[in-house]
Every structure is written in structure tokens, then in C-alpha cells.
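Nothing here was measured: the structure is a model prediction, and the numbers come from that model. Remember, it's 1-based here, ligands and their atoms both numbered in the order they're listed.
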Amino acid sequence: MEKAYFPMKYYNLTQGYINSSTHQGTYALDNAGYDTGKDPIYAPFSCTVTKKYVKAGHAYTVWLTSNEKILTAKGTSDYLTLMIVHPEDIADLKIGQKFKQGDLVCHEGKTGNASGNHAHLELGIGTCAWHKNDYGIYMIDNAVKLEDYLFLKEDTIVKNDIYKGIKYSFKKENAMQDTDYVIKYTTTDLNERTGPGTNYSQINVLLKNTAVKVYEISGTWAKIEEGKWVSNNYLTTDKPSNHIKSMEVYNTDSLNVRSRENNGPIIGTIPTNTVVSVLQVLNDWTKIGPDKWVFNKYLK
Ligand SMILES: [Zn+2]
């Protein structure tokens, strides 16, 4: 099965989607390539041109849909569509035209109101077109994060992968799976931040006794997921004394935390995929911390 590749030789990020006004609500990445010129853009997988938007004064856009299911950097196999915005040389492309993986498709450009040559890239699952999102921005349907799904080829050169302090890093094609981690537990309610320092923005609060996977230590900070860091000073490898097992929040975007079982007052929420320590189970309710209870149904 083909792997889904990042479509350019140089990764030089000029805009991400967090704290970006023109990418609000999308997972778009702008790539300037090697320099200010018009770098080539290659087929990320064997694909067909499924849609094209070419209108004078507007940003030219082309959609490339995979001909088969493709192995993603996430480990899934999916049909994928890459949307490329701003090229100038797509007028002659035909709907139904096929490319083999690695074929030259077009070049970066600045059609529309782009300030310089770049490729605005978006990725979606399946055969998809676009729609206007809640911020009035056109974005690909079924959008997913490019950095989660595309591999960087071994010879792809990363010139920059940071925008406004946030890293958008891709997995190299031969990278090891992320199995190297240590399970630790929070010893207090702990701020989760986008980077290793208090100058990075806070994204969440992890409750005391939450189990986290630590992949990397930088100074006094621990990386628990790509773009998620907590202070290592408040982590311990010692399991909470009354720890029964670890479970994960699923099937809900955010799970209400209540001060007592049986629909007690809501005192906070925890996002999906968070791992919590089970301290006690009482009928339908699970105690995950001192005076902190959640409904069992959303734990697995
Ligand atoms: Zn853009």
C-alpha cells in the first residue's frame, strides 16, 4: 500500500491554523518551500484530479483524490483528497487526469490575495470538495490535520515547522512508532500547555491523579503528546495509593466532572482521550480524584 507523502521537497511553514485569522476553523498549512520562488508540488499518492477551481482574480485550487486506500502516518488506511490552493499553472489540468505518486502536478503560486508564492494545503478523508465554515472561510470537507496523516519522505528538508510558537511536525516515513514513553501521574491539578514553558498558552487543566504518557523531557517540562506539555515537577511515577486502574475518556468531546456521584454539581470537564486514574467505582459513577466523580459510560 502506498504511503501518503507531504507533496513538496522543502517544508517551510509560513502559517498554521492556531491563532491564524485566515485559517480559522481549518487545518490548513501554508508552505513556502525552499524560498520565495515557485517550488514544484508533487502527487502525494497516486491520484486523480477530482475538482478544479480556476477563476480570474480568485485563488486557483485543485483537488487530488487517491485512487486507492493509502497508508497514513496515523497508521490508518483511507481514501484521501489533497487540496492545493494558489498555483498559477493548473488551468490545463483536466478533471479525471491521473498522476502517479511523485509526479509533478503544479507549482506554488500566489493567485487570489496571497502575499507571496506558497502552497496552501488541506487534506480531507474520502473524495471531498469544500464548504464555507463558521468563520466564512472555504475549507476542504472532512478535514484532517496534514501533519497527522502525511509522512515526510526521508529526503524532505524541514526549514521551519513552527508558527506563532506552535510546532506542526510530520513523522518521517521510517520513523519508529511512538512506543517510547513512561506513564506518570499528576500530583496536583496541572496546566497543560502548547509548549515547554509558562509563556506557552494553556490548553487544558489535567486533574490530579491523571495518568499521562511522557515522551520527552525538556528542562522541567514533559511532552505528553505532540503540542501538549506539562510541568514535570508535578508528575510522579508512583501510582496514586488508591489507584485501581487507568481508563480513558471516550465517546464524548468533554466529560463533566462532578463533586459527588449521582449527578452532583459540575466542577469541571475533561477532554476526550484523557487517561484518568480510577480510585473507586460506585454503581454508575467513578471517582477519579478527591471529590471528583464522572459517569462510567464515557470511560473505557
Ligand atoms: Zn493559507
Side-chain angles (χ1 to χ4, degrees), residues 4-45 47 49-65 73 80-91 93 104-125 128-152 156-170 194 201 226-227:
Y5 285 136
F6 186 74
M8 297 169 72
K9 294 273 186 231
Y10 291 88
Y11 178 35
N12 188 3
L13 182 73
T14 52
Q15 193 168 176
Y17 45 81
I18 299 168
N19 298 325
S20 151
S21 57
T22 59
H23 289 179
Q24 241 183 325
T26 77
Y27 290 132
L29 299 181
D30 284 350
N31 185 37
Y34 181 70
D35 59 11
T36 55
K38 297 174 185 175
D39 276 28
I41 304 171
Y42 304 96
F45 27 69
C47 58
V49 176
T50 45
K51 184 175 166 69
K52 192 175 86 167
Y53 179 81
V54 175
K55 196 171 170 190
H58 291 243
Y60 289 9
T61 305
V62 63
W63 286 254
L64 305 172
T65 302
L80 298 173
T81 297
L82 180 72
M83 182 172 108
I84 307 167
V85 186
H86 302 306
E88 287 151 25
D89 53 353
I90 60 166
L93 295 185
L104 175 68
V105 176
C106 57
H107 291 78
E108 286 174 44
K110 53 179 175 184
T111 59
N113 54 8
S115 51
N117 292 313
H118 73 279
H120 168 115
L121 302 170
E122 296 190 38
L123 191 69
I125 303 273
C128 35
W130 59 2
H131 65 276
K132 212 176 205 176
N133 70 18
D134 294 343
Y135 303 97
I137 294 166
Y138 278 97
M139 65 178 285
I140 196 165
D141 301 334
N142 309 325
V144 290
K145 297 176 182 175
L146 290 110
E147 66 275 26
D148 283 353
Y149 280 74
L150 303 182
F151 290 98
L152 284 194
T156 300
I157 293 164
V158 179
K159 295 192 81 170
N160 177 54
D161 60 359
I162 294 172
Y163 175 71
K164 292 195 174 168
I166 292 166
K167 215 173 159 124
Y168 298 82
S169 44
F170 287 79
T194 56
S201 37
E226 212 49 65

Peer 1: Verify the distance test for His120 against the Zn ion (ligand 1): any N/O/S atom under 2.8 Å, yes or no.
Peer 2: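 So His120 does bind the Zn ion (ligand 1) by this criterion.
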
Peer 1: Counting backbone and side chain alike, does His86 bring an N/O/S atom below 2.8 Å of the Zn ion (ligand 1)?
Peer 2: no

Peer 1: Would you please classify the geometry between the Tyr17 ring and the Tyr168 ring as parallel, tilted or perpendicular, with 30° and 60° separating the classes?
Peer 2: perpendicular

Peer 1: Suppose you place the vertex at the Zn ion (ligand 1); what is the angle out to His23 NE2 and Asp30 OD2, to 10°?
Peer 2: 90°

Peer 1: Taking Tyr34's backbone N and O only, do any of them form a donor-acceptor pair with Lys159's side chain (distance below 3.5 Å, no angle check)?
Peer 2: yes

Peer 1: Please say whether the positively charged group of Lys9, taken as NZ for Lys or CZ for Arg, lies over the ring of Tyr42, i.e. under 6.0 angstrom from the six-membered ring centre and within 45 degrees of the axis.
Peer 2: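 Cation-pi check for Lys9 and Tyr42: passes.
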
Peer 1: Would you mind reporting whether Asn31 and Thr14 have side-chain heavy atoms less than 4.5 Å apart?
Peer 2: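 No, too far: nothing below the 4.5 Å cut-off.
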
